[in-house]
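Quick notes on the structure that follows.
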Amino acid sequence: MPTNRVLPVDRVLRDGSWFSRLHATTDRARQDPVTVRILAYRFEHAGRAAADHRLVTSLLAAGRFPARQLATLYQERWKVESVLAELKTCRRGAHAVLSSKTPDGAAADLGPPAGPPVPCAS
């Protein structure tokens, strides 16, 4: 969610997150809002300036899903996504697709290494 998008604050929670409402693009009359929880946080990227982020989630139970934990897990998810993108474009070529959804399946899709790792030129 872009940080410049204005979202209504319905209720602020103890962990700093808040409840808001979003409308589906198909809800042109804006009659059926969906309640979401917004987490605003700053993430320190290695070697880069800190960046502000907002996470929109349907996980509304702040006690069960603390904001700090969700933000950390979200960043971990994107690290994994970045590695998978690197594997898909550099290891297999831009037009090959890994069909597996599990780590073991992806390893089988990739097959044994052809030699020492070669850095991907981005």
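By convention here, the first residue in the shown sequence is residue 1.
Note: the hydrophobic cluster containing Trp18 also contains Val56 (ILVMFWY, side chain heavy atoms under 4.5 Å, direct or indirect links).
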What side-chain donor-acceptor pairs closer than 3.5 Å can you find for residues 6-16, not counting sequence neighbours?
residue	atom	partner	partner atom	Å
Asp10	OD1	Arg21	NE	3.1
Asp10	OD1	Arg21	NH2	2.8
Asp10	OD2	Arg21	NE	2.8
Asp15	OD1	Ser17	N	3.0
Asp15	OD1	Ser17	OG	2.6
Asp15	OD2	Arg37	NH2	2.8
Asp15	OD2	Ala67	N	3.1

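The CG atom of Asp32 sits 9.0 Å away from the OG1 atom of Thr26 when rounded to the nearest 0.5 Å. To the nearest 0.5 angstrom, Leu39 atom CG is 11.0 Å from Tyr74 atom OH. Taken to the nearest 0.5 Å, the CZ atom of Arg28 stands 14.0 Å off from the NE2 atom of His23.
Heavy atoms only, all atoms of each residue included: Leu60 and Thr35 are closest at CD2-O, 4.0 Å.
Other residues, nucleotides and ligands contribute over 12 non-hydrogen atoms within 6.0 Å of the CZ atom of Arg77.
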